[in-house]
Enquirer: 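If you scroll down you'll find the structure; I have some questions about it.
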2 protein chains.
Amino acid sequence: MNQKSTIYDIAKKLNISAATVSRALNNNPKISEKTRKLVNDTANEMNYTQNRLALALKSGKSNNVGVLVPRIDRNFFSSVIRGIEECLYPEGYQVIICQTHDDENLEMQNIEALLNAQVDGILMSINGTTEKNDAINKILQKKVPLIFFDRKKNIDGVSSVTINDFDGGYQATQHLIDQGCKKIAHLAGDLSVEIYKDRCNGYKQALLDNGIKFNENYLIETISKVEQGEDSTKKLLNLKNPPDSIFSSSDFVALGAIQEIKKHNLHIPNDISIVGFSNEPFTKFMELSITTVDQSPVEMGKIAASVFLEQVNNSSNIEIHKKIVLPPKLLVRKSSLKN
Amino acid sequence: MNQKSTIYDIAKKLNISAATVSRALNNNPKISEKTRKLVNDTANEMNYTQNRLALALKSGKSNNVGVLVPRIDRNFFSSVIRGIEECLYPEGYQVIICQTHDDENLEMQNIEALLNAQVDGILMSINGTTEKNDAINKILQKKVPLIFFDRKKNIDGVSSVTINDFDGGYQATQHLIDQGCKKIAHLAGDLSVEIYKDRCNGYKQALLDNGIKFNENYLIETISKVEQGEDSTKKLLNLKNPPDSIFSSSDFVALGAIQEIKKHNLHIPNDISIVGFSNEPFTKFMELSITTVDQSPVEMGKIAASVFLEQVNNSSNIEIHKKIVLPPKLLVRKSSLKN
DNA sequence: TTGTATGCGTTATCAC
DNA sequence: GTGATAACGCATACAA
């Protein structure tokens, strides 16, 4: 049997009503065993599959959730997505993945598309450099459950799953200090983004707690690309008083830093120690493995998804909102372990 | 205005019919400018967004396409997806990404879910180790456009966009021969998968064309993981007559090979040369950069998407099916360039 | 230029 | 146990 078939096609063929077919297919208890079997067999034979669009329209539930990330080719994000899928697939949800490429317009556009598609919820890592919350407000006004992960904004009524980025920055910096470093530079991400600001604040606090004066020449804001890491590191190395270590908020920037430092014929970690952030796989595989901070992405995804499930299955009038903060894990490797 | 609003809500508020609202929203030419403006303003005010589910049900077109890949955390696949998105977003399509994790059941399950969701087409990189085509047949029976990329099966009526894997394998091997290698091993992927078989055949043909006898001890089938690369390489190095070079069908396996070779205190590329496959970013960033074969993933995604568009916009009765084969590009780097 | 009626594929609510 | 019907939100053929 070719083409798409509906319950009406089955009904017509069996000379019964569509309602009966529907009931049989849904294992409604008040249907005769004989009819049920007949319907199921015919459905298979006719290659029937349920039209979830119709079901969604009828029920007001699409069983789709939208996931919005800056980009999927970062191991961190693809791992979060894996966690989300592992939690949501068994519950019958389909996951629609969108990439914002850190572009505000694309973010807005994707959110509108997801709302139009009647998703049952949106899990997102928000760009969040802007003050405007137009897109977010649209979601909230439509009462669509919204959960932030990793990159969040503090908005009433929105749950979030993040790591303690302050602590991550603190641990990374403290580790460098413990290794004997005194002149610690920080290659930060966009400081208008909360996670990067938190990591930077952790860095500053660690300096303070260890009686090291913050040197503003040692702080450079840069985007998460290898090339930017090279450029920024060149600036650091050209200072009259260059740093003896670098804590980067991005593994890719850390990699760029390493490339640049090697060009200057300096030894890592003895001349300059490096710590990155995110535990991208390559940090482990490099000959000179990179010390970094792990963010438990799969777990983060699972938790974000389960928070969504809690919210969507919440029949009470009491709205559930959670702010979950996971601990970061410093992974010490060769790039910062002096011999 | 809270909650979701429909064209009926707008109609009621303005004391006009829903049909007029619909027409105004869709810029139907035969609507007065005044009404159009009134409707649009009210729609904004009421935070209206179109319910694409209803539209899809009505029109029989969901404007969703499904993309099925083994996993998104491989740069190759996430890049293909980027290409697909770049081509399909401007056309108003939403992309639903599914991962099979190389699991046949998951593949089947995902396909069913996509069909239930009434996707307008499916772009997939098929697992394809099995002979059974149940899932594929379901797609074809429902006349849903299907396009394979990268990993394909030869099935009538299915378009495909691939690279010439045979040529990729051939070029890689020829390059090693040109570098003076005579004992070339091949770490292959699952040889029941066409791309890996093709790469292996390219390898064998290059040997043949250069008068080098194929040594079956030099061929090991392995899955695309770093650890497996280490294990397999250990076996190669323990042979009485170990190889002087390795062509791997996977960058990750190549990386494992490099790790293992270093443990044995052999020099790369002078003692053993290495070529990988896929141009994963880390191959470029490693201190010892890895020679590899680029598959033009973004372009592949764009082409796959445009083939889909052609098929779906094809109003004629003539079915369009294309088999597009892109050329692989060998990128020579340190791991195989002898000094 | 606008309104009325219909159907897309389901399921739920009545009836019988 | 089963059938008829309405409703989900939208676009459109047909009327007016």
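What you are looking at is a predicted structure, and each value in this text was computed from that prediction instead of being measured. Computation of the quantities below employed the complete heavy-atom set of this structure, encompassing side-chain atoms and omitting hydrogens, waters and symmetry-equivalent molecules. Every chain is numbered from 1, with letters handed out A, B, ... down the list of sequences.
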Enquirer: Please list, chain by chain and in numerical order, all residues satisfying ring pair (Phe, Tyr, Trp, His ring centres under 6.0 Å) with A/F76, sequence neighbours excluded.
Expert: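 Partners of A/F76 by the ring pair (Phe, Tyr, Trp, His ring centres under 6.0 Å) criterion come out as none, since no residue qualifies.
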Enquirer: If you walk 5' to 3' along DNA chain D, what is the first nucleotide with an atom under 4.0 Å of a heavy atom in chain A, and what is the last?
Expert: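 Contact span on the strand: D/dG1 to D/dG9.
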Enquirer: Which residues pass the salt bridge (Lys or Arg N to Asp or Glu O under 4.0 Å) test with B/D73, not counting sequence neighbours?
Expert: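 If we apply the salt bridge (Lys or Arg N to Asp or Glu O under 4.0 Å) test to B/D73, skipping adjacent residues, the hits are B/R71.
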Enquirer: List in numerical order all residues of residues 20-30 of chain A for which some heavy atom is under 4.0 Å away from an atom belonging to DNA chain C.
Expert: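 Nucleic-acid contacts, sorted: A/S22, A/R23, A/N26.
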Enquirer: Sorted by first residue and then second, give each ring-ring contact (aromatic ring centres under 6.0 Å, His included) pair with at least one member in residues 51-72 of chain A; sequence neighbours left out.
Expert: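 Residue pairs with at least one partner in residues 51-72 of chain A: there are none.
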Enquirer: Give each protein N/O atom lying under 3.5 Å from an N/O atom of nucleotides 7-9 of chain C, with the pair distance.
Expert:
residue: C/dG7; atom: N2; partner: B/K58; partner atom: NZ; Å: 3.1
residue: C/dC8; atom: O2; partner: B/K58; partner atom: N; Å: 3.4
residue: C/dG9; atom: N2; partner: A/A54; partner atom: O; Å: 3.3

Enquirer: My understanding is that only residues two or more places apart in sequence, or in another chain, count here; which of them pass ring pair (Phe, Tyr, Trp, His ring centres under 6.0 Å) with B/F148?
Expert: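 Applying ring pair (Phe, Tyr, Trp, His ring centres under 6.0 Å) to B/F148 gives none.
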Enquirer: How far does the helix from C/dT1-D/dA16 to C/dC16-D/dG1 bend, going by the axes of its first and last five pairs, to the nearest 10°?
Expert: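 For the helix from C/dT1-D/dA16 to C/dC16-D/dG1, the axes at either end differ by 50°.
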Enquirer: If the condition is salt bridge (Lys or Arg N to Asp or Glu O under 4.0 Å), which residues does B/D103 pass it with, not counting sequence neighbours?
Expert: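 So B/D103 forms no salt bridge (Lys or Arg N to Asp or Glu O under 4.0 Å) with any residue.
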Enquirer: Quick one: list whatever passes salt bridge (Lys or Arg N to Asp or Glu O under 4.0 Å) with B/K322, sequence neighbours left out.
Expert: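 Only B/E310 meet the salt bridge (Lys or Arg N to Asp or Glu O under 4.0 Å) criterion with B/K322.
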Enquirer: A/E86: what forms a salt bridge (Lys or Arg N to Asp or Glu O under 4.0 Å) with it, not counting sequence neighbours?
Expert: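 Once residues adjacent in sequence are excluded, the partners of A/E86 under the salt bridge (Lys or Arg N to Asp or Glu O under 4.0 Å) criterion are A/K302.
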Enquirer: Only counting residues at least two apart or in another chain, list the ones meeting ring pair (Phe, Tyr, Trp, His ring centres under 6.0 Å) with A/F77.
Expert: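 A/F77: no ring pair (Phe, Tyr, Trp, His ring centres under 6.0 Å) contacts found.
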